There are 2 protein chains.
Amino acid sequence: MAQNTAIKVNETSRSAVGRDGVLDIAARLFREQGYGSVSLRKIAEAAGIKAGSIYYHFGSKDEIVAAVLDAGIRVVHESMRDAVTDLRADADGETVLRAAIRAHLRALIDVSDYTSANVRIFGQVPQSVRDANLPTRRAYEAEWDSLLSQLKKDGTLKQDVDIRRLRLMLIGTLNATLDWFDPDRGSADALSRTYADVFLNGILQRQDT
Amino acid sequence: MAQNTAIKVNETSRSAVGRDGVLDIAARLFREQGYGSVSLRKIAEAAGIKAGSIYYHFGSKDEIVAAVLDAGIRVVHESMRDAVTDLRADADGETVLRAAIRAHLRALIDVSDYTSANVRIFGQVPQSVRDANLPTRRAYEAEWDSLLSQLKKDGTLKQDVDIRRLRLMLIGTLNATLDWFDPDRGSADALSRTYADVFLNGILQRQDT
DNA sequence: ACGCCTAACTAACGCCTGTTAGGTTAATAA
DNA sequence: TTATTAACCTAACAGGCGTTAGTTAGGCGT
């Protein structure tokens, strides 16, 4: 979804997929099939090159998957931050939280193979690769904690919520969507609205109305 | 956690781990390390036998993992059903839902390597193994749908909730706990209370009190 | 004492994996 | 025209995988 359209040749050879092309394909395969069943030969075949050629662009399989994981977090992080900062300055707390939820879910479902691949395979990759991805993750988590703390301070949220727990619960819920979501049965935006409704107001029928 | 204590020999030979022993160890390793990095040789070594010997008890690796997956759902299903039926007959809807949530989380965290292994590796196993596990899962899902429908009918829940979506969101949230939960930082029961509070009442500060 | 059965063992098989070294092509720069 | 270089290919490697076949050891019922 990134090449094939416009000015084909201006870099070097005629049909070079290049480092970014390999990475795009790796991310897609990881998202679709998980980590364990995607070999370098599968990636190479999907990219139209031979397995050994991948080592021109990357030093190891770990390096590929680490690059995919990092890009996945960066995309959703930017997406979420932009969604919040794009709001009018006088937007209320509820609106801010809804925007953040929607942005995360969009990145996961509609936008990025990198983000969905990250969520899907993070628990399957070697420990060293997970560790390498941690700083990027922590930065994104800090963004959420900062947002939630703000909402707590300004009185939007209940005063007894544990920020860390709430963040883990929120992101956990959003990410779990990947296990069952079917684009044919609904949109990411509609789902994000449901999520926000439940998180903000709960599912209990209320007496007072 | 099942042998090693009492009357050692009463079946056949001296140190037989047996089919159940192999299964217990497989479940534990799958929970700890995921599917891809647990080989038959690893399972065998942990069980104190040789890889080939596993084929006395199982016809294939798929058969092992399928048995683990099925047992995982059965355990959490029974756990959840029992928790609900053990309540007093006049328990209100909120109490019922809280009990179900607690039971699911307990099975996941405190009780069963089988259940946690299921959640952890389901997305990593071959399609055929996933398919074999589906009927068992559907039965558990139906139990939840039945419970939630009841709560909706009796007015405990809002009338506009989509049962299927709510169930997917709930179980997704609970299962996602496995990715980050640390028993040293809190108990499953305390966490289940937080979950129930958020799902039932939401996190928004309310004006009316 | 006998043979049976359970539960293991040994040794090997073909396959797939990540990885490496060295060779080839084609476009660009001098 | 020649040299350079980016991007790929070919062929092979050692190691791990699931799986199989044949064998062995010990407790049990008869």
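In what follows, chains carry the letters A, B, and so on, assigned in the order in which the sequence lines appear, proteins first and then strands, with residues in each chain numbered from 1. The structure displayed is predicted, hence computed values, not measured ones.
Here the C1' atom of nucleotide D:dC8 and the CZ atom of A:Arg19 are 17 Å apart, to the nearest Å. Straight-line distance from the CD1 atom of A:Ile54 to the C1' atom of D:dA6: 17 Å, rounded to whole Å. In this structure, CD1 of B:Ile49 is placed 14 Å from C1' of C:dT10, rounded to the nearest angstrom. What separates NZ of B:Lys50 from P of C:dT10 is a distance of 4 Å, to the nearest Å.
Listed by first and then second residue, the side chain to side chain donor-acceptor pair (under 3.5 Å) pairs that reach into residues 51-74 of chain B are B:Asp70-B:Asn133, B:Asp70-B:Thr136, sequence neighbours excluded. Note on residues 42-52 of chain A: pairs passing side chain to side chain donor-acceptor pair (under 3.5 Å), not counting sequence neighbours, are A:Gln33-A:Lys42. Residue pairs meeting the side chain to side chain donor-acceptor pair (under 3.5 Å) criterion with at least one partner in residues 182-193 of chain B, sequence neighbours excluded, are B:Arg106-B:Asp189.
Here A:Ile54 pairs with A:Leu40, A:Ile43, A:Ala44, A:Ile49, A:Phe58, A:Ile64 under the side-chain contact (heavy atoms from CB on, under 4.5 Å) rule; sequence neighbours left out. Applying the salt bridge (Lys or Arg N to Asp or Glu O under 4.0 Å) rule to A:Arg130 yields no partners; only residues at least two apart in sequence or on another chain are considered.
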Exercise. In B/S/- notation, 5' to 3', how is nucleotides 15-22 of chain C contacted by protein heavy atoms closer than 4.0 Å?
Worked result: --BBBB--

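Here B:His57 does not reach the OP1 or OP2 of C:dT6: none of its side-chain N or O atoms lies under 4.0 Å away. Listed pair A:Tyr56 / D:dA7 meets the phosphate criterion, a side-chain N or O lying under 4.0 Å from OP1 or OP2.
In summary, the side chains of B:His104 and B:Tyr140 do present a donor paired with an acceptor at a separation below 3.5 Å, with no hydrogens or angles considered.
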